[in-house]
Amino acid sequence: MAALRAGLQALGGLESFLQKGDQVLIKVNAGFATPPNLGATTNPELLAELIKQCLAVGAQRVVITDNPINDPQSCFTLSGIGQAVQSAGGVLVPPLERYFRPTTVEGARLIRDWPVLYGPFEGVNKVIGLCPVKDHHRSGASMTMKNWYGLLGGRRNIFHQDIHTIIAELAMLVRPTLVILDGVVSMISNGPTGGSPDDLKATGTLIISTDQVAADALGATLLDKTPADLPFIGQAAALGLGSADWRSLKPAQVSL
Amino acid sequence: MGIVTVRRVSQVFFLAWFLWFCVVSSLGEHYWQLRGWPVNWFLQLDPLAALGSLLASGSLYSGMAWALLTIAMTAVLGRFFCSWVCPFGAMHHFLGWLAGRRLGARQRMERNQPHPAQAIKYYLLLGLLAAAGGQVLHHLAQWPLGLGAVSGWLLLLGILAALAALAVRRLWPQPRQALAAGLGLLALMVGLSLWSSPGEVIGATLLTGLLDPIPLAQRSLNLVLLPALDAAAGQLWVSARHYQGAWLIALVFIAALLMNFIVPRFYCRFVCPLGALMGLLGHWALWRVGRREAKCKGCQLCEVSCEGACEPFHRLRQSECVLCMNCLDTCRDAQMTYATRRSAAGEEPLPDLSRRGVVLSLVSGVAAVPALRLGGIMGPNWSPALIRPPGALAEAQFVERCLKCGQCMRVCPTNVLQPAGLELGLEALWTPTLNMRIGSSGCQLNCVACGHICPTAAIRPITLDEKRGLGGFAKAGPLRLGTAFVDRGRCLPWAMDRPCIVCQENCPVSPKAIITREVYGVLLRSRIKDVKGQTILLAGVDLPPGRLGTGDYFLQLAGGGSGVRRRLTGNGADNVKLLPEEAARMSPGQDVEVVVRLQQPQVDASRCIGCGVCEHECPVSGLRAIRVTAENESRSAKRSLLL
């Protein structure tokens with residue numbers, strides 16, 4: 001939490017990204033019905049702090065949503081996310097069937113006429129992605145771009161045949177105000193479900209960025225990977241969605 | 001306030017609780033969710049459920065002790081439950097009133113006359129209890145054998161010989177009957193000798209729940225009404241609930257209700273085995289409805305709205321009287337009373353049952369168990385499709401306790417628990433089984449809700465530690481519901497050279513119970529025509545442009561070459577692209593292969609718990625490419641898979 005405050009401070013404070021009266025949507029990773037200490041889902045304390053900060057800089061409403069893999073109600077409850085949202089004053093919007101709308105992303109090959117979770121975005125003008133760094137056997141890593149997978153509906157698992165392309169297209173679908181990649185503790189094995197504290201490693205890094213490609217490129221190093229190991233980073237960069245060379249952006253570094 | 005008004009208030013009161021308990025059986029902490037509401041209370045008050053499970057399993061699960069209260073009250077007050085508490089009875093009562101409200105007094109009276117078929121419910125009761133009590137009878141029959149091999153047999157033969165002598169002497173003038181009696185006794189002897197092989201032929205099965213009104217109403221509410229209503233309202237669940245074969249449950253429920261338009265309280269009078277049990281229990285009740293004087297004005301208004309069709313004007317049938325108290329209300333001369341004396345106009349003794357009918361019901365009930373198991377479903381022909389929830393008892397013990405009330409399926413947060421259909425046998429009908437294709441995610445790792453709601457402990461109330469094999473259960477390991485099997489003929493990486501491994505990704509076990517083997521599938525072989533910067537021109541190929549740059553495709557020298565694979569970054573119809581430094585290493589004339597990197601999933605049965613998340617998530621949406629069956633389930637050592 002201190003890292004979040006310090007990080008945002010280094011970027012000029014959350015007020016340089018949000019205006020008074022903004023309606024903010026935070027896309028969390030609530031994918032699995034597991035307790036927060038297993039690191040498979042967005043850290044609820046971090047989430048609560050972010051919601052409070054959004055409200056503190058004058059956000060009118062902070063919406064939190066995800067379309068998890070396991071049972072939605074169980075996911076929000078067991079991950080501690082539901083309680084964090086409630087205590088911090090956010091609004092949790094579950095992925096009701098009527099919230100999905102068939103969507104086509106211009107220039108995309110896979111996201112064509114595919115159901116996307118639209119309902120929670122009603123009236124929203126700022127989007128923040130907040131997720132942990134996780135090992136992912138198929139794509140190599142699950143980070144900020146992969147986090148948008150939770151906005152897809154339907155039988156989205158067929159996209160795993162072409163995982164890197166779908167992740168890059170998700171980065172086309174969502175152009176966030178901010179992404180916050182939580183590598184304070186990273187899931188280094190048995191991802192993306194984890195299931196045991198042995199699957200986690202303290203990596204002590206919190207990445208805040210307006211460039212989701214750069215955030216993932218930096219995040220990859222926490223899993224001892226290079227952007228070249230993760231083809232979706234190169235693909236997204238080639239599509240002009242961000243920079244794979246995170247060093248060139250000269251990130252501000254704060255050590256606690 | 002008249003007694004009938006009080007009764008109506010009571011009916012509405014208990015029906016409202018019944019409905020409320022069904023609504024609040026959702027996991028959560030709100031007042032309208034499960035947080036200590038006694039949602040099983042009606043099932044626990046049900047003496048048929050208690051008696052049935054006691055007979056079948058030889059034990060009574062603590063909550064079912066509530067039934068003693070019902071039994072005691074029935075013994076004192078008569079069938080009060082039927083008209084004052086039973087929620088299904090209240091529904092019938094209301095519909096029966098609705099159907100008859102336009103009819104004249106004469107017609108209504110005719111509909112409320114007793115019918116010989118009212119005896120059917122007693123036969124049903126006896127049959128169902130006999131099926132549940134097979135083992136008890138078995139032990140009784142074994143009693144003479146228990147005296148010691150020789151003397152026991154002698155005693156048994158002696159009894160049979162005496163019976164035979166008596167029968168033959170009495171039937172001597174009628175040779176055909178005598179022959180029939182002789183053959184019957186022979187059959188009896190064969191039957192009894194079979195009984196000495198316990199477990200093989202005689203068993204117990206609890207089928208009362210199929211017709212018992214409380215489980216029936218509970219099941220119908222849980223699996224039909226509530227899902228249908230919430231599909232419209234969308235208040236309880238994020239996505240619509242589905243229950244396989246719910247149409248049959250709905251059909252029984254609706255048919256039972258609609259019969260009220262032909263005969264009021266049709267179900268209560270003709271079918272209800274619980275009513276029959278209470279009729280027997282309440283036969284000697286202290287308080288009873290009856291006439292004050294033997295002679296009255298004879299208007300017979302008391303029979304106009306008699307719910308039980310028990311003939312209060314004539315000789316009252318005590319076991320049929322459901323204590324609706326309508327007769328007390330309609331009699332203008334206060335002739336009808338509810339008091340501690342017998343009806344002045346006389347009472348019919350016990351229900352009008354034939355000895356033959358009783359024997360037939362009992363024998364059919366006992367014989368039903370071996371008959372239902374003739375197909376070997378408890379033996380070698382057990383169904384691998386019957387995947388029981390975590391903590392479920394071994395199958396033979398499970399069917400001794402399961403009421404088919406649907407509480408486990410109601411509370412299951414993921415909707416994976418489903419009522420089994422008739423295809424798995426009558427004993428399995430409407431008992432819980434897992435269907436991974438339905439619901440939000442197989443059996444959730446951190447959930448033990450079903451065992452904690454089960455009113456009879458057919459599913460034991462296990463802890464998370466026991467389910468997951470943690471803490472004191474580390475040695476026993478996690479509970480297994482079955483095992484996942486990869487169907488290599490349908491799995492994308494196995495059968496179609498397409499990357500996938502959604503199953504591996506979603507496996508919640510740590511370390512994962514699905515491992516992957518990495519292979520490179522050869523898509524095409526070709527020869528390099530030319531190398532231009534990043535672009536490698538290939539001879540004689542026609543590729544879909546742009547489709548090979550996804551990160552999963554590689555170029556390697558033919559035959560695997562040196563084992564060096566270079567990842568494609570893109571492609572045209574006749575060329576593939578590599579990173580510049582990699583392309584520089586390729587030269588024209590080389591024989592090359594385009595390969596796809598595949599991770600082929602394989603189940604580690606020693607770690608798989610059969611939760612079915614993999615099956616749920618498998619992108620092969622019809623018949624899944626990875627499927628769980630009950631092999632290796634923890635509850636049965638005979639079904640183990642590994643050495």
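Residue numbering restarts at 1 for every chain, and letters A, B, ... go by the order of the sequence lines.
- For A/R112 (side chain) and A/T103 (main-chain N/O), no donor-acceptor pair under 3.5 Å exists by modelled atom type.
- Looking only at atom types and distance, the side chain of B/D604 has a donor-acceptor partner in the side chain of B/S606 under 3.5 Å away.
- Between the side chain of A/D199 and the main chain of A/M187, no donor-acceptor pair closer than 3.5 Å is present.
- If you tally non-hydrogen atom pairs under 4.5 Å between each of A/S189, A/G191, A/S139, A/G234 and chain B, the highest count goes to A/G191.
- In terms of heavy-atom pairs under 4.5 Å with chain A, the best-connected choice from B/Q444, B/E29, B/H616 is B/Q444.
- For A/F232 and A/H136, the distance between ring centers is not under 6.0 angstrom.
- Looking at B/C447, neither its backbone nor its side chain comes within 4.5 Å of chain A, counting heavy atoms on both sides.
- Counting heavy-atom pairs under 4.5 Å between each of B/V613, B/L445, B/L579, B/T516 and chain A puts B/T516 at the top.
- Side-chain contact between A/V91 and A/V62 is absent, with no heavy-atom pair separated by less than 4.5 Å.
- Note: B/E505 leads B/Q599, B/R468, B/E505 in heavy-atom pairs under 4.5 Å with chain A.
- Side chains of A/T203 and A/S186: a donor-acceptor N/O pair is present below 3.5 angstrom, by distance only.
- Contacts with chain A (heavy atom to heavy atom, under 4.5 Å) involve these residues of residues 619-627 of chain B, listed by number: B/P619, B/S621, B/R624.
- For the residue pair A/N29 and A/T42, no side-chain donor N or O sits within less than 3.5 Å of a side-chain acceptor on the partner.
- With a 4.5 angstrom heavy-atom cutoff, A/L78 touches chain B only via side-chain atoms.
- Donor-acceptor pairing under 3.5 Å is recorded for the side chains of B/K512 and A/T193.
- For A/F159, no part lies near chain B; criterion is any non-hydrogen pair under 4.5 Å.
- Here the side chain of A/D216 pairs a donor or acceptor atom with the backbone of A/M145 at under 3.5 angstrom.
- Under the 3.5 Å distance criterion, the side-chain polar atoms of B/R437 are left unmatched by any main-chain donor or acceptor of B/E615.
- Of the residues B/R566, B/K577, B/R565, the one that meets the salt bridge (charged side-chain N to carboxylate O under 4.0 Å, His left out) test with B/E582 is B/R566.
- Of the two parts of A/D229, only the backbone, made up of N, CA, C and O, holds a non-hydrogen atom closer than 4.5 Å to a non-hydrogen atom of chain B.
- Relative to the six-membered ring of B/F554, B/R567 misses at least one condition, a distance below 6.0 Å or an angle of at most 45° to the axis.
- Between chain B and the options A/G194, A/P94, A/P35, the largest number of non-hydrogen pairs under 4.5 Å is found for A/G194.
- Side-chain atoms of B/N506 never come within 3.5 Å of backbone atoms of B/C503 as a donor-acceptor pair (strictly under, hydrogens ignored).
- Only the side chain of B/L492 comes within less than 4.5 Å of a heavy atom of chain A; its backbone N, CA, C and O stay farther away.
- In summary, the aromatic rings of B/Y31 and B/W37 are positioned with their centroids too far apart to meet the 6.0 Å limit.
- Neither the backbone nor the side chain of B/V416 comes within less than 4.5 Å of any heavy atom in chain A.
- Contacts of A/T77 with chain B are absent, with no heavy-atom separation under 4.5 Å from either backbone or side chain.
- Residue contact with chain A, scored on non-hydrogen atoms closer than 4.5 Å, involves the backbone of B/P508 exclusively.
- Minimum heavy-atom separation, B/C507 to B/A513: SG-N, 3.2 Å.
- Contact annotation for B/N415: neither backbone nor side-chain heavy atoms come within less than 4.5 Å of a heavy atom of chain A.
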Could you walk me through whether A/D71 and B/T414 pass the side chain to side chain donor-acceptor pair (under 3.5 Å) test, one step at a time? CA-CA 6 Å; A/D71 177 61; B/T414 74; over 6 Å; no
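- Listed by sequence position, A/Q161, A/D162, A/H164, A/T165 are the residues of residues 161-174 of chain A in contact with chain B, using a 4.5 angstrom heavy-atom cutoff.
- Under the 4.5 Å side-chain criterion, counting only non-hydrogen atoms from C-beta, B/Q33 is not in contact with B/L27.
- For the pair B/L578/B/T535, no side-chain contact is recorded, criterion being any heavy-atom separation below 4.5 Å from C-beta on.
- With a 4.5 angstrom heavy-atom cutoff, A/R156 does not touch chain B via any of its atoms.
- Most heavy-atom pairs under 4.5 Å with chain B, from the set A/Q73, A/E97, A/R138: that is A/R138.
- Each of A/G31, A/G195, A/A40 has some count of heavy-atom pairs under 4.5 Å with chain B, and the biggest count is that of A/G195.
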